[in-house]
Amino acid sequence: MLNYDVIIIGSGIAGYSAALRCLDHGLKTAIISSGQSALHFSSGSIDLLSHSPISHQLVRDPWSEISRLHTSLPQHPYAKIGVRNIRQAMSWFQSILSDAGIPMSSLPTQENHLRITTLGTLKPAWLSQPYVKKLDFDCRNLQDIKQIVMVSIEGFRDFQPNIAKEVLQRNALPVGNIPIRIVKINLSAFNQLHRNPNDFRSIDISRVLRNKQNFDEFSDQLSATATPDDLVIIPAILGNGDGLQLMHKLSNQTGLHFHEVPTMPPSLLGIRIEEALMKTFTHRGGILHKGDEVLGGKFNTNENKLQLSDIRTRKMGDLTLSAKHYILASGSFFSKGLIADRNHVTEPVFGLDISETGDRSFWHQKDFFTQHPHEFLSFGVETDEQFVPCIQGQKVHNLTCVGSVLSGYNPITHGCGGGIAISTAYAAAEKIMAERNPNIPLEARA
Ligand SMILES: Cc1cc2nc3c(=O)[nH]c(=O)nc-3n(C[C@H](O)[C@H](O)[C@H](O)COP(=O)(O)OP(=O)(O)OC[C@H]3O[C@@H](n4cnc5c(N)ncnc54)[C@H](O)[C@@H]3O)c2cc1C
């Protein structure tokens, strides 16, 4: 049997955040994860709270909206954590990523910003990476931009500048008042990728651009088509395995002002975050069992308290893993952290109690694109104030749930997935520390 202080199930943004905070506290920490996380499909920006869970209106100041949840929606994960702890968690996350070479920032006002998306719409977010232009809600910080230049890569289907240009001009005033020009870039090295469109994805391009000669040719073509007064919108095609290094180099070499947009998956902006978290975790001594799946666990009762004693995985067969504390960060339906059949929703690893789901007709709206939330997006594991779940009404005292496996919020409609994942993960690690050191006040801990 392998023994740890903490075992975390899942390696998305929630699993890695919980694991890194446990390492901060000196705990022997292992992650078991079956596969890729939602980060590979994400924008690479962190949503804190983009739309109000009460009025569903666009939110400019997420902090004041979060502080209202305590009274209006006490079951919301943010209400359980509290504004002060959420602030602490978010600034801790920023420092972890900054140390790993991916500094993420918000507007100086701490309000949400708008970012231009792949489709030319404006979408709110709270933290973005350095080469993502953070527009304030009045787009005042666009005044110094003379022209928008959109980079089109011959044969690349995952970013369509014609669509983005039309949508920006039609809908996104005042951005649409700025002249927009599409420039075509073609490298001889891309020709071999053209043959099969399935091999011409952002990660394939990033591989080609790792070659110095190809990179220089790409950089020279960009320099010839734009000036430092332009905003150059470029699909995220650099940085698979090397973080922001090549974006920094491109910026220095061309002197241009870039705005990266995520492409269709795989999204290099999200992959950069996952790689940075993974490298930091393993570099700091965390143990990562990637490509394995937790199938279930054994429970015992100690002093009348139900506890998870050990877990088994698909690959380790008879060898079980055990820890004093467990954190479930297995995600939502997308990552199979939740499973739905025709009439029921279940948490498949331990059979944890799920929030009330009602009749199937209540699960979703008739139209896919709708102003009203699809209810299934807020289904998940029901927990107490400290994110401790139950099995058939009995608390599992040494298990904590974090991230999108939790119920009580809608990450997509309200734009809060990243913020909830980070802050619940941080709160879980602090809870574990408080249990291990009940006499040390919170402020005195690392
Ligand atoms: C497509 C998509 C795009 C999104 N984009 C954004 C965005 O741009 N910004 C934002 O803030 N939010 C975004 N979100 C919201 C998202 O819910 C959160 O941001 C966040 O990524 C959820 O993280 P998580 O760690 O809870 O879950 P996930 O990222 O889903 O990770 C779950 C992990 O658990 C593993 N796992 C599952 N079951 C097991 C098992 N039995 N054994 C071992 N491992 C297991 C999975 O392999 C995976 O590694 C997006 C969501 C989706 C679905």
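Remember, it's 1-based here, ligands and their atoms both numbered in the order they're listed.
- Between Ile9 atom CD1 and Tyr326 atom OH the span is 8.5 Å, to the nearest 0.5 Å.
- The backbone N or O of Ser45 lies less than 3.5 Å from a partner atom in the side chain of Ser43, making a donor-acceptor pair.
- Listed by chain and residue number, His248 satisfy the ring-ring contact (aromatic ring centres under 6.0 Å, His included) test with Tyr131 (two or more places apart in sequence, or in another chain).
- Under the salt bridge (Lys or Arg N to Asp or Glu O under 4.0 Å) criterion, Lys80 pairs with no residue, sequence neighbours left out.
- At a heavy-atom cutoff of 4.0 Å, ligand 1 is surrounded by Ile9, Gly10, Ser11, Gly12, Ile13, Ala14, Ile32, Ser33, Ser34, Gly35, Gln36, Ser37, Ala38, Phe41, Ser42, Ser43, Ser45, Ile46, Asp47, Asp292, Glu293, Val294, Ala329, Ser330, Gly331, Phe334, Ser335, Val349, Gly403, Ser404, Gly417, Gly418.
- Between Asn410 atom CG and Phe379 atom CZ the span is 10.5 Å, to the nearest 0.5 Å.
- Among pairs with a residue in residues 55-70, those fulfilling side-chain hydrogen bond (donor to acceptor under 3.5 Å, both in side chains) read Ser52-Ser55, Ser52-Glu65, His56-His414, Arg60-Asp138, Asp61-Ser64, Glu65-Arg68, at least two apart in sequence or across chains.
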